[in-house]
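See structure below.
Nothing here was measured: the structure is a model prediction, and the numbers come from that model.
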Amino acid sequence: MNVMNGKVTSYQDEAVCALQIYPRFAIQPGQGCILRVPKEATATTVIKTAVATLDMDSSKPYILVEVQEYGGEEWVLQASDQPVQRVLLWPRKAQDKHPQSDGYFFALQEGSYDGSIQYDVMASVRQEKVAQGLVNRGFVTQHPQKYDDLCNLPELTEESILGTLRHRFHKQKIYTFASNILIAVNPFKFLPIYNPRYVKMYENHTLGKLEPHVFAIADAAFHTMLNKQVNQCIVISGESGSGKTQSTNFLIHCLTALSQKGYTSGVERTILGAGPVLEAFGNAKTAYNNNSSRFGKFIQVNYLESGVVRGAVVEKYLLEKCRLVSRGKTERNYHVFYYLLIGASEEEKDEFKLLRPEEYHYLKEEIPISEDQAEMKHEFRRLHQAMEMVGFLPPTKKQIFSVLSAILYLGNVMYEPKVVGEGLKVGPDRVLSAISDLLKVKVELLVEALTTRKAMTANDTLILPYSPSEAITARDSMAKSLYSALFDWIVLRINHALLNKRDLEDICLDIEFDKIFSSSQCLSIGVLDIFGFENFKMNSFEQFCINYANEQLQYYCNQRIFKLEQEEYMAEGIIWHNIDYPDNIGCISLFSKKPTGLFYLLDEESNFPQATDSTLLEKFKQQHQDNPFFVQTPVREPAFVIRHFAGKVKYQIKDFREKNTDHMRPDIVALLRSSECSYLRQLIGANPVAVFRWGILRATIRTLAVFNEAGRSWAEKHPGNIYAILFISFLNISDLGLGSIRELHAKVLQSLKQFGGEVPQKLQIVLNVILLFSVQNLIDSHSLKFIMGLTQHNRATRSLLHLHTKKKPPSISAQFQASLSKLLETLRKAEPFFVRCIRSNGDKREMHFDDALVLQQLRYTGMLQTVRIRRSGYGAKFTFKEFTEQFRVLLPKEISTPQQDITSLLTKIGLPSSSFQIGRTKVFLKESERQILQEALHKEVMRSIIILQRWFRACLMRKQYLREREGIITIQVLFVWLARGCLVINSATFPGPRRNPTIKISRATRVQEKWNASLDREITDSNELHHLDEFLGNQVCVLSETEKIFFLATTQFRDTIKSMYSISNSNIGYKDLMSGYQKRVASLAGLKKASEVPLVVNLFQSVLDGFIRGELKRLETEPCKERNRRKSKRDKCPDGPLGHLFSTYQVTIMQSCDQCSSYIWGMEKAFMCSSCKMVCHKKCLSKITVNCTGHCDRKKEGEQTLHFGVPLCALVRTADSVPFVMEKMLVHVEMNGLYTEGIYRKSGSVCRAKELHHILEKDPQAVSLDNYPIHTITGLVKLWLRELPDPLMTYSLYNDFLYAADLPEASERLRAIYRKLDELPPSNFSTLERLIFHLVKVAKEEAHNRMSANALAILFAPCILRCPDSSDPLLSMKDINKTTLCVEILINEQTRCYNQKMEEIQQLENAEAMAINQLKLRRQNTVRNFTYWMICTLPFNSFIFLKKLQASWQESQSDRSWLAF
């Protein structure tokens, strides 16, 4: 701009610009001035010019404020800021003219004398009308906060990206998408958006369909792994304090929640417990972060192909050991020390000799810890629980805490010169005594290791005293080495706990190359949480390695996002304009290029005894003085500067060489090896497998020695006892190999049994323990070797087993480069998802957004270029083969030229030509267009399915018609022939009427009408069924064996009655029972004995009529008693208010109560609804007022509902009841259709089905199912199940049942399925239980109806276990085998339970009959003996009395009613 004659005009002068300044004083409002200033003018210059122009008091302090009304913010410019540069960040229209009315201007106001800068949010611009006014004036097209994906921004600039992130952040929306990249801004505050219901919300959703969230990335990675069967990785990057550790915890929490399908193997619990343990021992409070990871970790979660967790591996990188002994003034040591000192009980403090934190030299700091004591006590309890989850036993935890206490005491060791002689005096004595007790070492050896060192010569060993500085270095080295060894051992034990034992079955040992590999591959998702970019006031060797790792990670991201993507576009020959991106390969070469890289120069100087840190710095400057990434410092300053991708970092050269060769000293190793504590010897072992085997061998030898000595003494005292052979057998045990121990075990047991029978229990336990320790633990050593091969733990830096070798161990930098190379190799083999963490401010203030800091991070990460390539690029890529396989339905039958056919298809669908391109071998699509193509595929597949169904039904109906037509013709011909034959016979041979000679059948026939009248009665009580069963049993007992059909039919009918006991609604008519019995008899009689069916049926009717008359008399004489219904486990609903299904839930990450909104800390117990995933405290259960959203509410009074297509909970009165229509149809099928062939396979008449459907909807009480064919009713049963809005086994548990069915072990599958059944709503559980019981009864009659359990599962699985995703019908087709298997498992298991129960009932009945017979015999014998005694002892005149007594006994024999007790 230019100012001429008081008018503002645009100009092209690049050296000078015009600024419009508005003062905030008692001057006329709106009055301002226009200043012409150069571009490099600072805020101080502009303020002086404005004060002079406006004629203001120059003695007062003033500040210049940048006002952006649209953002609702005012930014106070510092003295060195350049206002013109700020103008260039404004929208284009606001740069030319920026009057106050447009919302972008500079304000001049008075400042405070103390120089403080205040941040203010303007209240006026919070109003919606102001923002809308800015939109109307053309400065902004739309509110940026409405965009949750940066790729959808209408104008792509740094300002628009920053504004979108800012507005979302102020609305507590910290996550934003950039296509499939997640940007997470650290709020330094816990937000209640990580409860289980959010995991459920994002489960199985397309990325970008819902609001951005870290759970969306976890779900996308999980399902991409399952769909593509390719390993995935989630790379979390960002500088220190950006929230990477928390994002990792959230991702692991979501991944384990997604994988907990069916039976939980316990690996998920171990993974969740490993996080708090690693954080306690590896995280610390820094200037930028209260929970900063001081080591890098890569967590690889392994899965089966079905998505069930198989195991996990944790690999760590470069623990910052120097933090243990020194750190910044505003920083703290590792968390675990404070947790232990503040959270330990009084007993623990005495046991571990703990002091107050301020009494330890290693914990002295300026930050007070009094404010955090309550939180630290809680964290210590959480650490205890997490260690138990990982598998640390109480003795192991005590040993760990003892080592931690000893490390703290080492910092209190003080040195002073001896009064007499050379050397140092170490003390105080109480500190040395405490260290000796905690480490179980001798005080003399401890003092010697802390004050002297051994030097090896050709002929002798010299003992040289330390100087004061060398002694302090040796002391700190011992503390650092001990803590590092402890951390390595913890990681090793965690990996051992995460190892799936089935992996050991697939391990193959290649002896020639000494490698371990697994023959079975599994899928995996890796989560990388590595230390962020750091730039402190004092940067040392640790920051040097950390920032190099971030350079490599940034290069990997650039390769995947920019280089490989654009190279693929160019190779495919599609139209593409390359996007420039920041490349940091030059900085990486500065570190690692041979032979002049900084790491190689550092290793070279570390090997020279005469080299120093100064010579190292000189070599750095000499070799890289012309390198643009290496910035030299003044000559006397012991530092150098490297230009990283995130900015310049100055490194202090001090201690670079020492930290690069920070190995465990031999004297310290020898001291720790002399410890009486075996745990301490494990920590310093170079090879855990060797240490483990030596420990087992040592324990075995000691056990056998004690055992042999006791055996000899016992054998001498009992020379003739047979058990002396046992102890003699172990005398030569040392000559046996490990493979023969099992044989010895078997031989000893066999010999003992031959001599004296059974082996005593105590002796058996001893032998089993010896076998266990001799065999099982050595086999488990393979797991240790397997873990060593996976994690590449390099413990060669500890010279325990290399005391006498000439080869030096690799340096710290060499190990770090090797492990980092392996990590990058693993990442390159997987498909990545990226999470960019952004630090919102540098002061750790809650919900404070620092524009300058965030913009700096966006710039050095290349976010603008990233969004641009994601926006212009193609998110969906298919090879021609993949495209034709996936969209084969939409393509022509014969594909000659794939390019033309695919182009024609995409054009036909209506996709714009700019949204796709066809390359040489691939098809490139935008993500939105891919979804349109997927919808078109879905519609076409559904149309094809409907056509197939029509043709299939037509073929079935045609086949049925032809079969019925042929049968009718055959019947007609046979009827005509029989009619003619009967007419001739009757007229020739039997001219008169003929009476039926069968008197019994005719008599039964005459009274049939009377019996039918009694059969109108209904059974309303299960006790009546029980009485009927007993009555029939008594009647069967008196029948002869010749009436076989009656006996078999009545026995099977009794089984049917027993099965009805469990039916909740037992309103069953005797007519239905009679009809079922008649069909059963017809089935048993067959065609050969069809004439005997009426006789058997009539006989049964007479028996049944007798029972009904007796039952009516009994009911008349007995008073009506109210029977209390026995409560089942599912009736107990203390945790189910308003339809919720609560169960205990252990929180692994901090969450919030959905009822009271207060925090639920990690490792606390809470309650979670299995349906809607609501989480709350136990005390909040009674306060819940929100209905469960997982399933519908119960039916309201007076509300009219149908019976088909209605939610299940609206059809039942109580939680354990079954809908009336369903129960009515199932009972009818069980009474009349179990013997019908293909009862559920064949379909009924469509017209009759529609008629019955209409009647059941209108008035199900009045309908008579006897008027309809059985196949019509069975078809409606399946229709009723299919039309449920939420199937019986619910959409929410669909994936759970699939994963359960895919478990390898049959027992695991069964347990997993039944665990998920317990999570069903009560109404679903009761209805499913009734249906499965019905299917069991159908399957038991497979010989007649040809319906096996597998056939029933195939028919009913699509009805009760439906896929929730109906957008892709082919997806549900892939799951048919799993859904069928799941239902078949339920039917088979319930069949087994049914058969077992019936056998138990039969056994009880047999036992009852046997008891009755024995009692009868005893009574007969008692009477006979009594009679004989009376005859022998009484006078003759009593003989008449005895005869009467005998007559009464015979009369009682004829009355069998007493036998029924």
Rounded to the nearest 0.5 Å, how far does CD of Gln856 lie from CD of Glu239?
7.0 Å
Could you tell me which residues satisfy salt bridge (charged side-chain N to carboxylate O under 4.0 Å, His left out) with Glu279, sequence neighbours excluded, listed by chain and number?
none
Does a salt bridge link Arg166 with Asp851, judged by any charged N lying under 4.0 Å from a carboxylate O?
yes
Measure the acute angle between the ring planes of Tyr339 and His335, then classify it against the limits of 30° and 60° as parallel, tilted or perpendicular.
parallel
Arg845 backbone acceptor or donor facing Asn841 side chain under 3.5 Å:
yes
Relative to the ring of Phe591, is the ring of Phe544 parallel (under 30°), tilted (30 to 60°) or perpendicular (over 60°)?
tilted
More than 12 heavy atoms of other groups within 6.0 Å of Lys654 NZ:
no
Could you check whether any side-chain heavy atom of Phe188 comes within less than 4.5 Å of a side-chain heavy atom of Asn290, counting everything from C-beta outward?
no
Show me the side-chain donor-acceptor pairs of residues 638-650 shorter than 3.5 Å, one per line, residues at least two apart or across chains.
from, atom 1, to, atom 2, distance (Å)
Arg643, NH1, Pro628, O, 2.2
His644, ND1, Glu551, OE2, 2.8
His644, NE2, Tyr651, OH, 2.6
Lys650, NZ, Glu637, OE2, 2.9

Positive for salt bridge (charged side-chain N to carboxylate O under 4.0 Å, His left out) with Glu331, one of Arg323, Lys285, Arg294
Arg323
To the nearest 0.5 angstrom, please state how far the OG1 atom of Thr45 sits from the CD atom of Glu40.
9.5 Å
Does a side-chain N-to-carboxylate-O contact under 4.0 Å join Arg859 and Glu158?
yes
Any salt bridge between Lys621 and Glu618, counting N to O under 4.0 Å?
no
Using a 6.0 Å cut-off, check whether atom CG of Asp580 has over 12 heavy atoms from anything other than its own residue.
no
Any salt bridge (Lys or Arg N to Asp or Glu O under 4.0 Å) involving residues 537-549? Give me the pairs, sequence neighbours left out, ordered by first then second residue.
Glu542-Lys659
Going from CD on Gln20 to CD1 on Ile34, what distance comes out if it is rounded to the nearest 0.5 angstrom?
4.5 Å
